[in-house]
Amino acid sequence: MSDNRSVAEAFEELADLLEITGANAFRVNATRKVARILNDYQGDLREAAEESGGLESIEGIGASSADRIRQWCASGNISEIDKLRSDVPEGLIELLHISGIGPKTVRRFWQEAGITDLQSLKNAIEEGTLESLPRMGAKTIANIAESIAFAEQASERTSIGIALPVAEELAQALLDTGHADRVEYAGSLRRGCETIGDIDLLATASDASRLVSAFTTLPGITKVLAAGDTKASIRIDAGIQVDLRIVSASEWGAAMLYFTGSKEHNVLLRQRARESKRRLNEYGLFPDDGEEASPQSRGIEPIAGSTEESIYDALGLSWRPPELREARNELEQTPTLIVDADVRRDLHTHTTASDGHLSIEDMANEAIRRGFDALAITDHSRSSVQANGLDAERLIAHVENIRRVDASMKDIKLLAGSEVDIHADGSLDYDDEILAMLDIVVASPHVALKQSPKDATARLIAAASHPHVHIIGHPTGRMIGRRPGLEPDMAAICKAAAAHDTALEINANPRRLDLCDLHVRLAVQHGVPIAINTDAHDASHFDFLRYGVLTARRGMLTAELCINAWPIDRLMEWLDR
DNA sequence: GCCGTTTTCGGCCCGACTGTTTTCAGTCG
């Protein structure tokens, strides 16, 4: 694990411990914010710690957090966390992460019922000892028991590759009931996050209560968590929670803004509204007259609210693409981000020659069907034995096949390539003379993904500096939620890639999304060319493109820097260089 | 704990829903 992530986790734990001990909520929030900032931080934390005032210059990190980070850098731990750990039973932290149980409840369980972990909570529920606590009725206890059961069998977050199609189906299902006028998904899904906690749907309807009852009786529901006049939550059998909020058309923009988040972005906007004596909530942007009761409940007319644009405009900001609403560089100028339609070709795909499911012809026809002007066939190299990688002899025959099919097809340009393994030491899996005969070389790490950051950096710099390499494929080799992959000094990789005009790939497979959004941002800042490829092994895998584009947009990628979006002549020149 | 062309102290985003109360605390997003 990288230093930055380790310290971020320490601060996350500190926030949990503070919450359980009943610390000031603003202090807890500030601590969580520090954890998030450290997690996003792309610089060298140790370097910043050594520089006088280096840490304090990062917005959101004050003197005491800076001291704690320096302490961590020097000794590997933080004394306040150690102190709290000795006071608070370790098992309480996992209770905090169960839906419906918050810090106050954890604290009461601990201090008033002697509960110290999940098991003792389950025992207390079974023995009925919780009911003696105030404000702890039978229904609350039953809900907690159910949340525990759910948490024990469900994984924490869902891949965007699963959630996005489900959200689109649900939105269509609600429209099909005839009770909704408009339904769209919002939340982390709309922001294009790689994983999502739940699906947020926003709707307009002439009869909200009928839509709520239609929603809570959709097929495939395992539990209705809440059902109010304008808001309802369900859990569906895919194990995902889905929230529906029904608003009027005049509130649509404010609600979309609020429901899309991120929470931190909303806070920024609301702070900005307050600075100019206005008040932003999910019903609109209102003048702030100092009254506590909500303005919409007092019939006050909003300044803006029907569209997101109108609200940003009234706050003196330009509309912000959802992918960039993460409270990172929010005031930075937004370039025109790449869109799906900009991508004209896929430069990393497989066929039956290695571990793909379709022939060269079938892949080419699928690419034509999707409107691509070119397709690179890049089967695995010899070391990827598990993927039926090609030795030099098979590769030469395969290249001949690709060129023969290419000659027979008018509507697409086929590029004969390879996805060449990058060995642990940075050398490649084919000799230079073999590589030289290929149209395109994608070099990817597949093994030795646990090597040290130092070795990983040297390995990837060597590959990015190789004269025959065009693209570094899935640079870290991570699998989301399963393995972290390499953790190189990405800034150093970007410098090498920029110097040698080598592209870094965003592998669009939703299980990978590698580069991740923050690495894309770094690469874009270094002017590194970026490839967005699906790594398709089958026709349906071309659908992954959208996830790659969302990740690219989160990294502020423009079409200009994306080699898949260039005019074909420019690409061919670049490949030939 | 963080922050400051109003403040170095005193603020810190805002509302819906539930379950428990009988006016509201806690949780969530």
Side-chain angles (χ1 to χ4, degrees), chain A residues 11 14-15 18-19 22-37 55-69 80 95-109 131 133-144 147 186-189 191 196-202 208 212 216 224-233 241-247 251 254-255 257-286 288 292-297 315 327:
Chain A
F11 274 81
L14 176 58
L18 286 170
E19 240 182 352
N24 176 303
F26 294 109
R27 186 181 166 201
V28 174
N29 261 342
T31 306
R32 288 205 194 284
K33 188 175 171 188
V34 170
R36 192 175 60 83
I37 289 165
L55 293 169
E56 288 89 341
S57 70
I58 303 170
E59 196 185 329
I61 297 182
S64 38
S65 291
D67 281 345
R68 294 194 175 113
I69 295 166
E80 187 178 13
L95 300 188
L96 212 47
H97 299 145
I98 290 170
S99 166
I101 303 183
K104 301 266 168 55
T105 308
V106 170
R107 192 170 155 78
R108 279 173 52 212
F109 282 168
E131 286 169 55
L133 295 180
R135 295 192 70 88
M136 195 53 63
K139 252 182 163 168
T140 301
I141 293 169
N143 282 339
I144 289 173
S147 288
S188 51
L189 205 49
R191 302 201 310 277
I196 61 112
D198 55 22
I199 294 173
D200 301 302
L201 296 176
L202 194 62
V212 165
T216 52
V224 176
L225 298 162
D229 295 335
T230 61
K231 193 173 163 181
S233 292
Q241 180 174 328
V242 186
D243 299 333
L244 173 69
R245 181 73 176 258
I246 300 159
V247 302
E251 300 159 353
L257 202 54
Y258 155 77
F259 230 8
T260 298
S262 65
K263 203 172 119 192
E264 291 81 7
H265 183 74
N266 288 346
V267 169
L268 282 179
L269 294 184
R270 286 173 174 174
Q271 281 170 343
R272 196 170 170 101
R274 286 173 66 97
E275 285 164 14
S276 55
K277 287 268 180 287
R278 287 172 295 180
R279 187 160 154 183
L280 179 64
N281 61 29
E282 58 260 52
Y283 297 98
L285 180 68
F286 297 89
D288 189 359
E292 195 180 323
S294 63
Q296 72 276 3
S297 69
L315 292 174

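Per chain, numbering begins at 1; letters A, B, ... match sequence-line order. Predicted, not measured: the structure shown is a model, and the values here were computed from it.
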Trainee: With both distances under 3.5 Å as the test, what is the Watson-Crick or G-U wobble partner of dT8(B)?
Mentor: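 WC or wobble partner does not exist here.
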Trainee: Rounded to the nearest 0.5 Å, what's the gap from CG on Asn266(A) to CG on Leu280(A)? Could you check?
Mentor: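 With rounding to 0.5 Å, CG (Asn266(A)) is 7.5 Å from CG (Leu280(A)).
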Trainee: Can you name the nearest heavy-atom pair linking Arg272(A) to Leu315(A), along with the distance?
Mentor: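 Closest approach of Arg272(A) to Leu315(A), heavy atoms only: NE-O, 2.8 Å.
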Trainee: Roughly how far apart, to the nearest Å, are dG4(B) and dC13(B) at atom P?
Mentor: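 Taking atom P in both dG4(B) and dC13(B), they lie 14 Å apart.
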Trainee: Distance between the C1' atoms of dG1(B) and dT5(B), in whole angstroms?
Mentor: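 Straight-line distance between the two C1' atoms is 24 Å.
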Trainee: Does Thr230(A) put a side-chain nitrogen or oxygen below 4.0 Å from OP1 or OP2 of dA16(B)?
Mentor: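 It does not, given that no N or O in the side chain of Thr230(A) lies less than 4.0 Å from OP1 or OP2 of dA16(B).
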Trainee: Quick one: is dC12(B) close enough that its OP1 or OP2 comes under 4.0 Å of any side-chain N or O from Arg274(A)?
Mentor: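 For Arg274(A), the contact criterion (side-chain N or O under 4.0 Å from OP1 or OP2 of dC12(B)) is met.
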Trainee: With rounding to whole Å, what would you report as the distance between dT20(B) and dT27(B) at their C1' atoms?
Mentor: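 14 Å, rounded to whole Å.
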Trainee: Quantified in whole Å, what is the C1' atom distance between nucleotide dG11(B) and nucleotide dC17(B)?
Mentor: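 So the two C1' atoms sit 28 Å from each other.
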Trainee: Across the strands shown, which category fits Arg68(A) at heavy-atom distances under 4.0 angstrom: base, sugar-phosphate, nothing?
Mentor: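 Counting heavy atoms under 4.0 Å across all strands, the contact made by Arg68(A) is with sugar-phosphate only.
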Trainee: About how many Å separate NZ of Lys231(A) and CG of Leu244(A), when rounded to the nearest 0.5 Å?
Mentor: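 One gets 11.0 Å once the value is rounded to the nearest 0.5 Å.
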Trainee: For the pair made of CG in Leu18(A) and C1' in dC2(B), what is the distance, rounded to whole Å?
Mentor: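 Rounding to the nearest Å, CG of Leu18(A) and C1' of dC2(B) are 14 Å apart.
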Trainee: Remember a base hit wins even if backbone is also touched, and classify Ala227(A) as base, sugar-phosphate or nothing at under 4.0 Å, heavy atoms.
Mentor: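 Sugar-phosphate only.
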Trainee: Indicate, with a heavy-atom threshold strictly under 4.0 Å, whether Ala186(A) touches base, sugar-phosphate, or nothing.
Mentor: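 Result for Ala186(A) = nothing.
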Trainee: Using whole Å, report how far CG of Leu225(A) lies from C1' of dG19(B).
Mentor: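 From Leu225(A) CG to dG19(B) C1': 15 Å.
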Trainee: Which whole-number value in Å describes the distance from Lys33(A) NZ to dC12(B) P?
Mentor: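 So the NZ-P distance, Lys33(A) to dC12(B), works out to 15 Å.
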Trainee: The side chain of Glu59(A) is closest to which nucleotide in this list: dG1(B), dT18(B), dC3(B)?
Mentor: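 My answer, after comparing the listed nucleotides, is dC3(B).
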Trainee: From C-beta outward on Gln271(A), which listed nucleotide comes closest to its side chain: dT18(B), dG1(B), dC12(B)?
Mentor: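 Looking only at heavy atoms from C-beta outward on Gln271(A), the closest nucleotide is dC12(B).
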Trainee: Please report the distance, rounded to the nearest Å, between CD in Glu275(A) and P in dC12(B).
Mentor: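 Glu275(A) atom CD is separated from dC12(B) atom P by 13 Å.
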Trainee: For Leu269(A), which contact category applies under a 4.0 Å heavy-atom criterion: base, sugar-phosphate, or nothing?
Mentor: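 Nothing, no nucleic acid heavy atom in range.
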Trainee: Using a cut-off of 4.0 Å on non-hydrogen atoms, how would the nucleic acid contact of Asn143(A) be classed: base, sugar-phosphate, or nothing?
Mentor: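 The answer is sugar-phosphate, as Asn143(A) gets under 4.0 Å only of primed atoms, P, OP1 or OP2.
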Trainee: Would you indicate whether Asp229(A), at its atom CG, is surrounded by more than 12 heavy atoms from other residues, nucleotides or ligands within a distance under 6.0 Å?
Mentor: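 Result for CG/Asp229(A): open.
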Trainee: Find the distance Asp229(A):CG to dG15(B):P and express it as a whole number of Å.
Mentor: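 In whole Å, dG15(B) P lies 17 Å from Asp229(A) CG.
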Trainee: Can you tell which of dC14(B), dC17(B), dG1(B) lies closest to the side chain of Asn24(A)?
Mentor: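 Closest nucleotide to the Asn24(A) side chain: dG1(B).
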Trainee: State whether Glu264(A) and Arg191(A) are salt-bridged, where the test is any N-O pair (Lys NZ or Arg NE/NH1/NH2 against Asp/Glu carboxylate O) under 4.0 Å.
Mentor: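 The answer is no: the pair does not qualify as a salt bridge.
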Trainee: Taking only residues two or more places apart in sequence or in another chain, which ones pass side chain to side chain donor-acceptor pair (under 3.5 Å) with Glu282(A)?
Mentor: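 Partners of Glu282(A) by the side chain to side chain donor-acceptor pair (under 3.5 Å) criterion, ordered by chain and then number, come out as Arg245(A).
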Trainee: Can you measure from CZ (Phe11(A)) to CD1 (Ile61(A)) and round to the nearest 0.5 angstrom?
Mentor: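 Rounded to the nearest 0.5 Å, the CZ-CD1 separation comes out at 7.0 Å.
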Trainee: Ignoring backbone atoms, establish whether Arg272(A) has a side-chain N or O less than 4.0 Å from OP1 or OP2 of dC13(B).
Mentor: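 Answer no for this pair, as no side-chain N or O of Arg272(A) is under 4.0 Å from OP1 or OP2.
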Trainee: How far does the C1' atom of dG15(B) sit from the matching atom of dG10(B), given to the nearest Å?
Mentor: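 Comparing C1' positions in dG15(B) and dG10(B) gives a spacing of 24 Å.
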Trainee: How does protein reach along nucleotides 21-29 of chain B, written 5' to 3' as B (base within reach of a heavy atom under 4.0 Å), S (only sugar-phosphate), or - (no contact)?
Mentor: ---BBSSSB
Trainee: dC2(B) and dT6(B): how far apart are their P atoms, nearest whole angstrom?
Mentor: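 My reading of the P atoms in dC2(B) and dT6(B) gives 23 Å.
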Trainee: Rounded to the nearest Å, what distance is computed from the CG atom of residue Leu315(A) to the P atom of nucleotide dC13(B)?
Mentor: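 About 15 Å, once rounded to whole Å.
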Trainee: Applying side chain to side chain donor-acceptor pair (under 3.5 Å), can you list everything that pairs with Asp288(A), at least two apart in sequence or on another chain?
Mentor: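 Side chain to side chain donor-acceptor pair (under 3.5 Å) check on Asp288(A) returns nothing, list empty.
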Trainee: Rounded to the nearest angstrom, tell me the gap between atom CG in Asn29(A) and atom P in dC13(B).
Mentor: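 Rounded to whole Å, this separation is 8 Å.
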Trainee: Among the nucleotides dT20(B), dC13(B), dG15(B), which one has an atom lying closest to any side-chain atom of Lys139(A)?
Mentor: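 Nucleotide nearest to Lys139(A)'s side chain: dT20(B).
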Trainee: dT18(B) and dT23(B): how far apart are their C1' atoms, nearest whole angstrom?
Mentor: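 Comparing C1' positions in dT18(B) and dT23(B) gives a spacing of 15 Å.
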Trainee: Which of the following nucleotides, dC14(B), dT6(B), dC2(B), is nearest to the side chain of Lys277(A)?
Mentor: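 Among the listed nucleotides, the one closest to the side chain of Lys277(A) is dT6(B).
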Trainee: Atom OG1 in Thr31(A), atom CG in Leu14(A): separation rounded to 0.5 Å?
Mentor: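 It is 5.0 Å, given to the nearest 0.5 Å.
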Trainee: So, is Asn266(A) near the phosphate of dC13(B), with a side-chain N or O under 4.0 Å from OP1 or OP2?
Mentor: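 False: Asn266(A) side-chain N/O out of range (4.0 Å or more) of dC13(B) OP1/OP2.
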Trainee: Considering every strand and a 4.0 Å limit on heavy-atom distances, what is the contact class for Ala25(A): base, sugar-phosphate, or nothing?
Mentor: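 Since no nucleic acid heavy atom lies under 4.0 Å of Ala25(A), the category is nothing.
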Trainee: Any idea which of dG1(B), dC13(B), dG19(B) is nearest the Thr140(A) side chain?
Mentor: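 So the side chain of Thr140(A) is nearest to dG19(B).
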Trainee: Would one find a side-chain N or O of Ser64(A) under 4.0 angstrom from OP1 or OP2 of dC2(B)?
Mentor: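 Yes, Ser64(A) has a side-chain N/O under 4.0 Å of OP1/OP2 on dC2(B).
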Trainee: With DNA chain B as reference, determine whether Ala226(A) or Ala66(A) sits nearer its 5' end, using the nearest nucleotide of each.
Mentor: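 Looking at the nearest nucleotide for each, Ala66(A) comes out on the 5' side.
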Trainee: Over how many whole Å does the gap from Arg278(A) atom CZ to dC13(B) atom C1' extend?
Mentor: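 That distance rounds to 15 Å.
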Trainee: Is the distance from OP1 or OP2 of dA16(B) to the nearest side-chain N or O of Tyr283(A) less than 4.0 Å?
Mentor: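 So the side-chain polar atoms of Tyr283(A) do come within 4.0 Å of the phosphate oxygens OP1 or OP2 of dA16(B), strictly under.
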Trainee: Among Arg270(A), Gln296(A), Glu251(A), which one satisfies side chain to side chain donor-acceptor pair (under 3.5 Å) with Asn281(A)?
Mentor: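 Answer to the side chain to side chain donor-acceptor pair (under 3.5 Å) test with Asn281(A) among Arg270(A), Gln296(A), Glu251(A): Gln296(A).
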Trainee: What is the nucleic acid contact for Ser233(A), judged by heavy atoms within less than 4.0 Å: base, sugar-phosphate only, or nothing?
Mentor: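 Answer is nothing: Ser233(A) stays at 4.0 Å or more from every strand.
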